[in-house]
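Shown next, in structure tokens, is the structure this report addresses.
Computed over heavy atoms, backbone and side chain alike; hydrogens, waters and symmetry mates excluded. Sequence lines set the chain letters: A, B, ... in the order given, protein chains first and strands last, and positions in each chain run from 1.
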Number of protein chains: 2
Amino acid sequence: MPDTVRSDPSPARNPQRTRARILAAALKEFAAKGFAGARVDLIARRAAINKRMLYHYFGDKEGLFKAVLRRKVSQRQAWADTLTGDPAETLTFWFDAACDDMDWVRMLEWEALHHTGKIIDEKERLSSVARGLERIRQRQARGLVSSELDPRQIMLTMRSLTMFPAAFPQLTRLITGRTLHDPKFRKERAEFLKKIAAMFRPTPGARDKTNFLK
Amino acid sequence: MPDTVRSDPSPARNPQRTRARILAAALKEFAAKGFAGARVDLIARRAAINKRMLYHYFGDKEGLFKAVLRRKVSQRQAWADTLTGDPAETLTFWFDAACDDMDWVRMLEWEALHHTGKIIDEKERLSSVARGLERIRQRQARGLVSSELDPRQIMLTMRSLTMFPAAFPQLTRLITGRTLHDPKFRKERAEFLKKIAAMFRPTPGARDKTNFLK
DNA sequence: GCAACAAGTAACCAGAGAGTTACTTAAAGC
DNA sequence: GCTTTAAGTAACTCTCTGGTTACTTGTTGC
């Protein structure tokens, strides 16, 4: 009868659930302690599964790490495509996302520190970036964003502005005197980012080169 | 005769040199692999000293990590005080510093990931930040930087813009298509940062509130 | 129903790696 | 000079931890 994917809630065996549990536990552990600091036994215990299953599904510790990273990255990519490319929107959206999902930022940070040239899921990520750049170019073409600025540099800058506080919470506290999760900080930063976003608009005086388009 | 600090080049014993060697080797190892990933034996071997000395001078692995971090941080603080607070100068200076001294950026990154509330050398760092904020306020008072913007947010933003590419080299490559150390990237980013710096100037139209000062 | 295979378990193992013990030897103070 | 202290060495220990072996049991296709 259960010809396709089963869905009853409590079967004795359930590979999907087991896999999901491992991934969730591994995300927590890796995000918190990184690859070298994470403990496989702890992941297994937190997932309430036998350690052997972890090796069954993911090969080894590194396979699990990659799987976790891959999942997080693709999750976020889906979000990215819902945006229009408007600087103000993009900045506030990603700033909130970074603050609300530190695990994501931290995984990227661990990736950065691990980084040895090869990037996981490079193809998908590159095309995601390409789509984002296209949205920026469209905005430039419509005269909503200054064409003086290189789209790639704009995007890198957006990421910097939004992710940095979550990536370096200690510096954020040192500089602003507030915790990352302090609502006051969130509000102040969000307001500041709006002002910054306005700076990306073409300067009214200098006629934008894009105007020849329409 | 050697009443004060000795300086002859090759004495059989030399605590200063040993300490320095350990710190240098530890910086490399910790910056590369982080606290959990670093191997004490390797540090000892790279420093060409006996592992026991490492424990003699620094207590344990964590003590060594803290010593390394402390040293790097205070080193950089000295640099910071040579700056005037001009956005263009600050941005290009710190951007170059970050690219040229990845170890420093990486140590801050490891610190961030380690981060559990307590910050090393908090006092000194806070006063260093305070001095930096003062420089920004002076610039605002002189009408060189927009007073619309919160100095703390400005500083946090400067750090973001300059450190991010070095902190996330994989994202930098994904977005710009260039390696962090590619001279073309360095040049493009430096130029972009100059444009950004200009945006921090008071808008000519809106008379700045600071004008009442003179 | 019944192979065949995948899901799951418990106990184990080998090696790595932080930290120690017990010792020797150079330098500083008197 | 000689004692005391700090610098330095070699070998060791013992826990922690990634990965495995050898097994049982539920599911599924036929």
Subject >> Atom-to-atom span, NE2 of A:His56 to C1' of D:dG18 - whole angstrom >> reply: 18 Å

Subject >> side chain to side chain donor-acceptor pair (under 3.5 Å) involving A:Asp96 - partner list, sequence neighbours excluded >> reply: A:Arg186

**OP:** Provide, to the nearest angstrom, the distance between the CE atom belonging to B:Met53 and the C1' atom belonging to D:dT9.
**Re:** 9 Å

Original post:
Starting at CZ of A:Arg45 and ending at C1' of D:dT17, how long is that distance when rounded to a whole Å?
Top reply: 12 Å

**OP:** Tell me what A:Phe58 touches on the nucleic acid: a base, only sugar-phosphate, or nothing, going by heavy atoms under 4.0 Å.
**Re:** nothing

Original post:
Given atom CD1 of A:Ile43 and atom P of D:dG18, what is their separation to the nearest angstrom?
Top reply: 8 Å

Subject >> Residue list, ring-ring contact (aromatic ring centres under 6.0 Å, His included) with A:His114, at least two apart or on another chain >> reply: A:Phe35, A:Phe65

**OP:** If the plane angle is over 60° it's perpendicular, under 30° parallel, otherwise tilted; pick one for A:Trp79 and A:Phe93.
**Re:** tilted

Original post:
With respect to the phosphate group of D:dA7, does any side-chain polar atom (N or O) of B:Thr18 fall under 4.0 Å of OP1 or OP2?
Top reply: no

**OP:** Would you please confirm or rule out a distance under 4.0 Å between OP1 or OP2 of D:dG8 and any side-chain N or O of B:Tyr57?
**Re:** yes

**OP:** Do nucleotides 10-22 of chain C as a string where each nucleotide becomes B, S or -: B if the base has a protein heavy atom under 4.0 Å, S if just the sugar-phosphate does, - if no protein is that close.
**Re:** B------SBBBB-

Original post:
Quick one: A:Arg21 CZ to C:dA7 C1', roughly how many Å, whole number?
Top reply: 14 Å

**OP:** Report the distance from atom CD1 of B:Ile22 to atom P of D:dT9, rounded to the nearest whole Å.
**Re:** 10 Å

Subject >> Under the salt bridge (charged side-chain N to carboxylate O under 4.0 Å, His left out) test, residues paired with A:Arg131 that sit two or more places apart >> reply: A:Asp81

**OP:** Could you tell me the separation between the CD atom of B:Gln16 and the P atom of C:dA28, rounded to a whole number of Å?
**Re:** 12 Å

**OP:** Could you pull out all residues at least two apart from B:Glu111 that satisfy side chain to side chain donor-acceptor pair (under 3.5 Å)?
**Re:** A:Gln170, B:Arg125

**OP:** List in chain and number order the residues that pass salt bridge (charged side-chain N to carboxylate O under 4.0 Å, His left out) with B:Arg52, two or more places apart in sequence or in another chain; answer none if no residue qualifies.
**Re:** none

